[in-house]
Structure formats: structure tokens, C-alpha cells
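Step one of this worksheet: look at the structure below.
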2 protein chains.
Amino acid sequence: MPENTSTVIPPGKTYSLAVQMVSQRVIERLAIYRRILENLLPDKEPAIFSHQLADLAGTTAAQVRQDLRVIGYAGSTRSGYQVARLLKGIDDFFSLSETEPTVLVGVGNLGMALITYFSLRNSRPDIVAAFDTDPEKVGKVYHGCRCFSMDELNQIVKEQYVRIGIIAVPTDAAQETADSLAAAGIRGILNFAPVTLRGNHGIFIENIDLTLALEKVAFFSKQ
Amino acid sequence: MPENTSTVIPPGKTYSLAVQMVSQRVIERLAIYRRILENLLPDKEPAIFSHQLADLAGTTAAQVRQDLRVIGYAGSTRSGYQVARLLKGIDDFFSLSETEPTVLVGVGNLGMALITYFSLRNSRPDIVAAFDTDPEKVGKVYHGCRCFSMDELNQIVKEQYVRIGIIAVPTDAAQETADSLAAAGIRGILNFAPVTLRGNHGIFIENIDLTLALEKVAFFSKQ
DNA sequence: TAGATTGTTAATCGATTAACAATC
DNA sequence: TAGATTGTTAATCGATTAACAATC
């Protein structure tokens with residue numbers, strides 16, 4: 001559909017339409033391609049074929065071509081996809097130009113580890129504040145990230161235009177936390193509590209359930 | 001198919017057949033149902049309808065009935081599914097009678113947090129040993145879990161009949177670690193390193209990519 | 001009984017894969 | 001050119017949902 005090859009579709013109506021239609025699977029794979037390309041960049045390999053990218057990502061060439069189609073990036077039949085430009089194309093599609101302010105609720109073992117993990121690899125989603133109900137923790141600074149009381153959630157989310165929240169609280173407090181985040185204006189949640197959060201219409205929720213993941217491995221490791 | 005109602009299919013050929021055919025999605029949902037039932041048990045509610053379970057699990061009644069079908073559990077048209085017996089049915093299907101010995105490789109920030117996390121909620125997959133290349137860490141005991149050198153991996157895996165491995169090493173070391181685990185006889189891997197592990201035929205690999213998950217939330221939180 | 005729920009089969013939906021003319 | 005790869009369309013595959021007779 002785009003008449004100019006080797007480029008991404010321009011921002012505008014087509015863009016936002018595409019965003020709505022793209023499935024979670026496609027986004028996951030695009031993120032994987034992105035990381036592969038990033039690692040490939042220093043190698044000075046100018047281009048890569050769909051089957052090479054597929055090999056590295058653990059998928060198929062047809063899948064890769066289909067996926068890249070949704071971001072409107074066109075390769076060439078001679079040399080495949082230009083690494084640097086494709087990377088730029090995915091970044092543009094993800095709107096990964098500036099960092100995305102993120103808050104984390106629950107500074108327990110897992111919460112602490114997440115703060116460390118994300119701050120060490122200064123990921124684009126950047127944890128700007130942590131929250132906890134424990135007065136012992138409030139006021140402390142972990143890896144450059146200050147811990148606030150829950151009372152301050154609303155203010156900080158608004159002041160810093162935070163759209164993403166991470167839930168690392170105990171199971172019992174998870175639903176309440178999700179409601180607070182939603183009320184403060186959060187648009188997306190990464191939830192580590194092993195419960196199905198409910199009634200958050202319009203908010204995107206991604207669940208990471210560590211115990212469930214391990215149980216899944218246990219099940220399938222028995223063939 | 002099973003002529004006796006309100007029971008699970010007996011172990012045997014049907015059983016192992018079912019295991020092979022069941023998709024990952026179904027297993028994930030069964031694990032979720034399982035946790036819900038577990039929490040419901042103290043409430044002394046004897047039974048639950050498919051639509052109630054669906055509400056709690058964030059799915060549909062038809063989906064629940066379809067899922068329960070694969071484990072061969074039959075409810076009654078009058079009262080639905082008996083909580084205690086269904087829970088037992090899922091446990092049997094998962095073979096969750098005894099604990100599953102598990103090893104963890106990479107005792108960094110994330111690895112430490114995982115040891116703490118899993119030991120605190122004494123999950124059925126039980127981390128019996130940790131491994132690290134850092135001589136400083138070898139010999140130390142974290143939450144009752146001793147850290148060994150990688151040289152000892154083979155022996156411990158064999159002695160303790162370990163089938164599951166968790167990879168929490170830096171990205172560069174992940175593939176090497178996976179190969180070592182595979183060589184030692186591990187059958188399933190939970191991988192936290194942001195790389196696609198390759199060439200491990202016959203080994204089940206579940207990836208948890210924290211950065212990717214957060215990027216996914218960032219993307220969809222923009223609608 | 002009347003009404004709600006079940007197991008099961010059929011229909012729908014969406015995602016992956018295959019096929020192929022166009023291209024360099 | 002010959003040959004490999006591309007974008008795109010069609011075919012396949014699998015998973016979810018809808019429908020409904022049977023049941024309590």
C-alpha cells in the first residue's frame with residue numbers, strides 16, 4: 001500500500017489504525033526483532049534476510065515478513081532488510097523516542113529486584129517512583145528511585161505524566177492497588193500478583209505470574 | 001467419553017495422550033482455575049458454576065467448560081462443579097502430588113529475588129540448589145538454598161532427579177547455561193534472559209522477558 | 001414441571017503458513 | 001540472465017465461541 005519503499009508509513013490516520021489492529025503476539029515478536037537488530041548493529045552487517053532474522057528469533061521467514069508488513073517497512077529482493085533503518089522503523093512504530101515514566105507499587109523482595117533490574121539496564125520504561133504502605137520504606141531511595149507513601153500516588157502520577165504502573169504487592173492488596181492506579185490515571189499495568197484484576201475497563205493489563213510459569217514448565221517437562 | 005460422571009479420567013493411555021494434546025493456553029487457564037479453587041476452599045462453598053469460575057478467572061463460561069473437558073472432569077447440571085473434587089482433579093492432571101526439584105543458575109539480583117520469592121511461598125516446584133560462577137557466592141546459603149559452582153551441576157541434577165532449571169544469568173551466558181542444563185539432563189527451562197535459546201530439542205522452554213513485557217505495556221497503554 | 005446448567009458438536013474467528021507473481 | 005527474496009493473497013490450522021439436546 002505505501003508507494004515509497006524502504007520506509008515506514010507516515011504518522012497519521014493509518015498509523016493509529018494500525019496500532020489498534022496489531023495483536024499482542026505481533027508486538028511481542030517485533031520487540032524481539034528489535035533487540036536482535038540492536039545487537040546486530042555493532043557488527044556492521046548492513047542488511048539481513050527474513051529467514052536469518054527468523055532463525056535468530058525462533059520463528060519462520062513467512063512470519064517475519066508478515067510481521068514487518070504491519071509496520072509498513074519494505075525490504076528489497078536483493079539484500080533483504082537494512083538493519084539500521086528497520087530498527088529505526090520499529091522504534092518509530094513503538095514511539096520509542098523518549099522514555100516512558102513508570103511507577104512501581106510494592107517494595108518487597110520482588111519490587112526491589114525489579115527496581116534494580118530495570119534501573120541497571122536503563123530501559124525506556126523508566127521507574128520514576130516507588131510506593132509502599134510500610135512507613136519504614138517511605139522516604140528511602142533505592143537505586144536512585146525514591147519510595148513514597150500511597151497518599152502521594154495521585155500527585156506524582158499527574159505531575160510526571162506517568163502512564164504505566166507495576167504491581168508487585170502481595171496478592172491481597174493487588175486489586176486495591178490496581179484500582180488506585182486506575183483512579184490516578186494510569187493507562188497500563190504490569191501485574192506480578194497472582195490474581196486476575198477486574199473492572200479496569202480501558203486499561204491494558206499484562207500479567208506475569210512467576211509461580212504459574214514454573215508450574216507450566218513442570219507440567220510440560222514431563223512431556 | 002468417560003461413562004462415570006463427577007470424576008477424573010483414570011491414569012493410563014488416555015492420560016498421557018491428553019497431556020500431549022493439551023495446549024499451553026489450556027494449561028495456563030487450568031492453573032488459574034486451580035488457584036481460584038484453592039482460595040475458595042476455606043469458604044466452604046461446596047460447588048461453583050462455570051460462569052462463576054469464568055468471572056473469577058477473567059474468561060467465559062464456554063471456555064471453562066471446554067477446558068475442564070480436557071481433564072475429563074464432569075460437573076452436574078444442578079450444582080455445577082464440586083470445588084474440592086475439581087481441585088483434586090486438576091492436581092491429579094498436573095501430577096502435583098509431590099514437589100518438583102528445581103535448580104536455579106545465576107545468583108544475581110534477579111536470581112536472589114526468585115530464590116526468596118519461591119522459597120517464601122513454598123511452591124511445588126522447589127528450588128533445591130543454586131549455581132553461580134562467582135567464587136564469592138559459591139558455598140553461601142540463601143534462604144536455605146545453597147549456591148554451588150557450575151562444576152557440580154551435573155552431579156546434583158542427577159542425584160536429586162532435577163528436571164527443571166531456571167536461567168537468571170546475564171544475556172551473554174544464557175545459551176551456554178541452557179546447553180549445560182540440557183547436557184545435565186534437565187527437561188524444562190524457565191528462562192529470564194532476553195534471548196531466544198536455540199538447539200534444545202525435546203526441552204520445554206518458557207521465556208519470561210521482563211523488559212519486553214514492560215515495552216508491551218508501554219505500547220498498548222497508548223491505545 | 002420449569003429453568004438453569006451441563007457436555008458436546010458445529011460455527012466462527014483469528015493467526016500462521018503456503019504459494020506465487022513481481023523484483024532486483 | 002538465473003536465482004533468491006520480496007510483498008501479498010489464498011489456504012490451512014487451531015483456538016474460541018455459539019448452539020442445543022440432555023439432565024437434574
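Remember, it's a predicted structure, so these values are computed and weren't measured experimentally. Values below: all heavy atoms of this structure, side chains included; hydrogens, waters and symmetry mates excluded. All chains are named by letter (A, B, ...) in the order of the sequence lines, taking the proteins before the strands, and each is independently numbered beginning at 1.
Among the heavy atoms of the strands, none lies under 4.0 Å from S79(A). Contact annotation for S50(A): backbone-only contact, meaning every heavy-atom pair under 4.0 Å involves sugar-phosphate atoms and none involves a base.
Remark: dA21(C) base-pairs with dT6(D). Criterion, Watson-Crick or G-U wobble with two distances under 3.5 Å.
Atom-to-atom, CZ of R69(A) to P of dA10(D) comes out at 11 Å; the value is rounded to the nearest Å. Note: OH (Y81(A)) to C1' (dA4(D)) measures 13 Å, nearest angstrom. At whole-Å resolution of the value, CZ in R78(B) and P in dA22(D) are 19 Å apart. Between Q24(A) atom CD and dT16(C) atom P the separation is 12 Å, expressed in whole Å. The nearest whole Å value for the distance from the CG atom in L53(A) to the C1' atom in dT5(D) is 14 Å. If you measure from atom NE2 of H51(A) to atom C1' of dG3(D), you get 13 Å, rounded to the nearest angstrom. Taking atom CG on L68(B) and atom P on dT6(C), their separation rounds to 9 Å, with Å as the unit. If you measure from atom CD of Q66(B) to atom P of dA11(C), you get 15 Å, rounded to the nearest angstrom.
Here the two rings, on Y73(A) and F93(A), have centers that are 6.0 Å apart or farther.
Taking the nucleotide of DNA chain C with the nearest heavy atom to each of A62(A) and I48(B), the more 5' of the two is matched to I48(B).
If you check dT6(D), dT6(C), dT8(C) against the side chain of F49(A), the one that comes closest is dT6(D).
For the pair Y81(B)/S50(B), a side-chain contact is recorded, criterion being any heavy-atom separation below 4.5 Å from C-beta on. Residues D209(B) and T211(B) have side chains in contact (heavy-atom distance under 4.5 Å, counting atoms from C-beta outward). The shortest distance between side-chain heavy atoms of F94(A) and K216(B) does not fall below 4.5 Å.
Side chain Q63(B) to base dT17(D): no donor-acceptor pair is found below 3.5 Å. No hydrogens or angles were tested; on distance alone, nothing pairs the side chain of T77(B) with the base of dT5(C) as donor and acceptor under 3.5 Å. Between the side chain of R65(B) and the base of dG7(C), a donor-acceptor pair under 3.5 Å is found.
Contact between the side-chain N/O atoms of T60(A) and the OP1/OP2 oxygens of dT17(C) is found at a separation under 4.0 Å.
In this model, no donor atom of one side chain and acceptor atom of the other lie less than 3.5 Å apart for Q175(A) and R198(A).
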